[in-house]
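Here is the structure we will look at.
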Amino acid sequence: MCGIVGIVGGRDVAPVILEALKRLEYRGYDSAGIATLDDGQLTRRRAEGKLFNLETALTAQPLHGGLGIGHTRWATHGAPTENNAHPHATDRAAIVHNGIIENFRELRQMLLEKGFSFSTDTDSEIIAHLVTDHLNRGKDPRRAAADALRELEGAFAVAIIFSGEEDLMIGARRGSPLAVGYGDGSMYLGSDAFALAPMTNRVSFLEEGDRVELTREGAVIYDAAGRNVERTVKITDVSAALVDKGNHRHFMAKEIFEQPEVIGHTLSEYLDLVNEKLHLPDLPVDLATVPRITIIACGTAFYAGLVAKYWFEKLARISVEVDIASEFRYREAALPEGGLAIFISQSGETADTLAALHYCKSRGQKTLSVVNVVESSIARASDVILPTFAGPEIGVASTKAFTCQLSTLAILAVRAAIARGQIDAEEERRIVHTLIETPRHVAEALGADGAIQDLSVDLAKARDVLYLGRGHNYPVALEGALKLKEISYIHAEGYAAGELKHGPIALIDENVPVIVIAPMDPLYEKTVSNMQEVIARGGKVLLIADKAGIEHAGEGLWESVEIPAVDPLIAPIINAIPVQLLAYHTAVSKGTDVDQPRNLAKSVTVE
Ligand code: F6R
């Protein structure tokens with residue numbers, strides 16, 4: 001998703017903006033640009049593709065000036081070309097924008113009629129012209145920006161600079177996040193605190209509808225009603241160190257291999273190992289009596305929610321609904337009085353999940369979020385948060401955030417089971433021990449890396465792949481398929497194993513690998529008989545199972561990957577590891593852009 005950086009004050013700010021943009025690369029983008037004010041004149045450089053291209057353009061023709069804005073663009077309206085890259089500018093104003101201007105067609109028509117001409121296909125360009133239109137009417141820049149912003153409809157964040165104004169930048173937030181950074185004699189704007197970390201750790205987050213006027217001296221903030229407001233300045237603990245790949249070839253590999261550590265970190269936040277008990281913050285509802293839980297998320301986080309449904313229902317006997325946020329927000333769901341709505345999000349900025357959260361709040365639900373970015377919009381809007389401690393996830397494909405979400409949700413489900421009298425103190429103690437073994441089992445599961453790398457060479461030749469699982473392994477199958485398709489571009493589908501003969505079995509032939517996730521558990525026999533149906537039809541089966549599961553699988557497997565035998569409670573976390581590695585190595589075999597797959601963004605702040 002687009003990233004914004006702005007700096008007021010300093011010497012030549014362009015190289016600093018470029019470095020900050022690099023910290024926003026993880027959000028996904030396909031072009032980039034920077035504009036500065038050089039001797040009162042707006043100048044800019046833009047480039048299609050990766051930041052390296054922008055860096056090359058800046059080396060050939062450096063930008064000067066102590067005030068500037070930068071942008072990484074993830075295309076929405078208009079192709080990812082240099083011409084469509086931000087900043088967009090007239091001779092009077094330059095802007096960077098994240099989000100979508102919903103009424104851009106009407107505004108563009110109005111501006112065309114006034115004689116403005118447009119040089120890009122973007123919705124964003126109209127902001128530069130609209131501001132210029134207000135300036136042309138004799139308004140000062142602050143007023144021109146405020147009036148222009150008022151005319152825009154949609155969800156966005158914007159930064160604006162003006163020719164001749166060496167000490168002024170306007171920022172605005174409506175739907176998309178924007179942080180204000182406080183330096184000494186310089187001020188900053190950024191899509192998140194992570195972008196600003198090398199420059200400052202003093203940050204305030206604009207609230208919905210806020211507009212900020214930045215000068216070297218500080219920030220003046222106005223709320224949606226135009227009132228002058230204060231927003232708390234926090235000291236963030238976001239690390240200033242540039243996250244690197246360590247000794248891995250890709251961030252995704254690094255993040256997959258970080259899982260024992262970060263799952264351990266996450267679990268230890270919520271387990272009191274001394275007293276062998278769970279250790280969760282106070283919740284906004286009584287889990288003993290809550291009538292229903294509604295879980296809402298997108299993509300991989302949604303699959304974490306699906307696993308959690310199995311846990312909540314089985315362990316705590318609570319009725320749970322799980323919904324994709326983009327569907328939930330428009331279907332006017334009926335929610336029970338006193339219900340709990342749980343939101344799961346790595347970034348904490350996913351637009352649909354945030355909108356669903358606002359809907360639930362307006363319908364009287366208590367809200368709890370499982371988020372990785374604790375200063376995110378979803379975190380700040382929730383009654384209570386259970387942070388995951390995965391650390392920054394840079395690879396676009398979510399891996400460590402998923403397993404940390406599962407770890408957190410497992411503990412929450414156990415807490416609900418205790419509250420409802422389904423689990424006693426002794427069982428709690430046993431579960432604490434089971435949970436705390438998870439990092440070790442994850443490390444064991446990572447031991448299959450070499451074997452998975454070998455067989456992924458063959459998998460990379462497939463055009464279609466099916467994933468099958470039952471019970472809590474059904475969401476793991478869905479996650480495996482999502483991971484494979486998003487980074488290797490191989491078409492893949494996840495199915496509940498029992499659903500196979502209701503249609504998908506027609507797809508089976510010797511060219512369609514079928515990946516079956518079936519460790520030895522109470523549903524093993526059922527899944528294995530579905531697997532045998534595939535083998536009987538010439539299907540090429542890769543079984544992911546523990547030793548006993550592989551031994552009892554019968555004849556005809558194409559391949560198998562052994563995972564450790566673990567307690568069913570933590571099995572989904574362990575079983576996620578081989579499907580992540582399979583997707584990773586298959587993508588590497590195919591030579592795709594693993595960390596930034598085509599068309600995808602890390603943080604989806606538009607609906
Ligand atoms: C897939 C993936 C996405 C995200 C989804 C939600 O690997 O990363 O499906 O899970 O976009 O994002 P968050 O968790 O940031 O709300």
Side-chain angles (χ1 to χ4, degrees), residues 1 3 24 26-28 74 176-177 191-192 194 250-253 255-256 259 266 295-308 322-329 342-357 369-382 385-388 390-406 408-409 467 475-490 492 494 576-577 579-584 586-587 592-607:
M1 208 51 39
L24 291 173
Y26 74 93
R27 297 164 71 92
W74 184 74
S176 295
S191 293
D192 59 28
F194 189 63
H250 298 98
F251 280 112
M252 185 179 175
E255 289 160 5
I256 289 174
Q259 288 177 106
T266 302
I295 301 180
I296 300 157
C298 299
T300 288
F302 167 70
Y303 297 145
L306 274 183
V307 175
V322 193
D323 240 312
I324 295 168
S326 55
E327 285 300 309
F328 176 86
R329 69 183 284 193
I342 299 179
F343 303 86
I344 309 167
S345 176
Q346 187 285 127
S347 63
E349 299 295 351
T350 301
D352 284 319
T353 310
L354 182 59
L357 190 156
S369 296
V370 176
V371 285
N372 198 40
V373 181
V374 291
E375 280 144 351
S376 59
S377 305
I378 290 174
R380 284 180 285 126
S382 304
I385 59 169
L386 296 182
T388 48
E393 193 178 60
I394 309 296
V396 163
S398 189
T399 52
K400 61 176 181 169
F402 177 64
T403 48
C404 287
Q405 286 160 355
L406 291 178
T408 308
L409 290 162
Y467 286 73
V476 178
L478 293 170
E479 170 61 1
L482 175 63
K483 220 75 314 167
L484 188 72
K485 68 185 133 192
E486 71 181 322
I487 60 168
S488 75
Y489 315 147
I490 294 174
I577 306 299
V579 298
Q580 293 171 350
L581 288 170
L582 260 178
Y584 173 71
T586 306
T592 58
D593 188 347
V594 172
D595 283 332
Q596 288 171 16
R598 68 185 181 202
N599 306 338
L600 288 176
K602 183 69 182 160
S603 173
V604 184
T605 51
V606 292
E607 63 177 292

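Just follow the structure's listing: the first ligand is 1, and inside any ligand the first atom is 1. One-based numbering along the sequence shown. Please read all numbers here as calculations on a predicted model, not as lab measurements.
A heavy-atom distance below 4.5 Å is found between the side chains of Leu24 and Asp192.
Nearest-heavy-atom check against atom 15 (O) of ligand 1 across Ser347, Ala325, Ala301 picks out Ser347.
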Decide yes or no on side chain to side chain donor-acceptor pair (under 3.5 Å) for Thr399 and Gln580, but give the supporting numbers first. CA-CA 7 Å; Thr399 52; Gln580 293 171 350; 5.0 Å; no
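For the pair Ser345 and ligand 1, the shortest N or O to N or O distance falls below 3.5 Å.
In this structure a side-chain-to-backbone donor-acceptor pair under 3.5 Å is missing from Asp352 to Ala325.
Contacts between Thr353 and ligand 1 below 4.0 angstrom, taking non-hydrogen atoms only, are absent altogether. If you look at Glu486 next to ligand 1, the close heavy atoms, those under 4.0 Å, all belong to the side chain.
Under the 3.5 Å distance criterion, with hydrogens and angles disregarded, a donor-acceptor pair is assigned to the side chains of Ser369 and Ser382. Side-chain contact check for Ser398 and Glu393: at least one donor-acceptor pair (N or O, by modelled atom type) lies under 3.5 Å. For the residue pair Thr300 / Lys483, a side-chain donor-acceptor distance below 3.5 Å is found, with atom types taken as modelled.
Every heavy atom of Glu349 sits 4.0 Å or more from the atoms of ligand 1. Residue contacts with ligand 1 do not include Ile378, since none of its heavy atoms lies under 4.0 Å from the ligand.
Against a heavy-atom cut-off of under 4.0 Å, Val396 is close to the following atoms of ligand 1: 8 (O). Close approach to Lys483 involves these atoms of ligand 1, each under 4.0 Å from a residue heavy atom: 1 (C), 7 (O).
Note that the CG atom of Leu484 and the CG atom of Leu582 stand 7.5 Å from one another [nearest 0.5 Å]. Going from atom CD1 of Ile344 over to atom CD1 of Ile378 covers 10.5 Å, rounded to the nearest 0.5 Å.
Taking every heavy atom of both residues into account, Tyr489 and Pro597 meet most closely at OH-CA, 3.5 Å.
The single protein non-hydrogen atom nearest to atom 11 (O) of ligand 1 is Val604 CG2, 4.2 Å, given as residue, atom name and distance. In this structure, atom 2 (C) of ligand 1 lies nearest to the protein heavy atom Thr300 OG1, 3.8 Å. Here the protein heavy atom with the shortest distance to atom 14 (O) of ligand 1 is Gln346 N, 2.6 Å. Of all protein heavy atoms, the one lying nearest to atom 12 (O) of ligand 1 is Thr350 OG1, 3.5 Å. Scanning all protein heavy atoms for the shortest distance to atom 5 (C) of ligand 1 gives Cys298 O, 3.6 Å.
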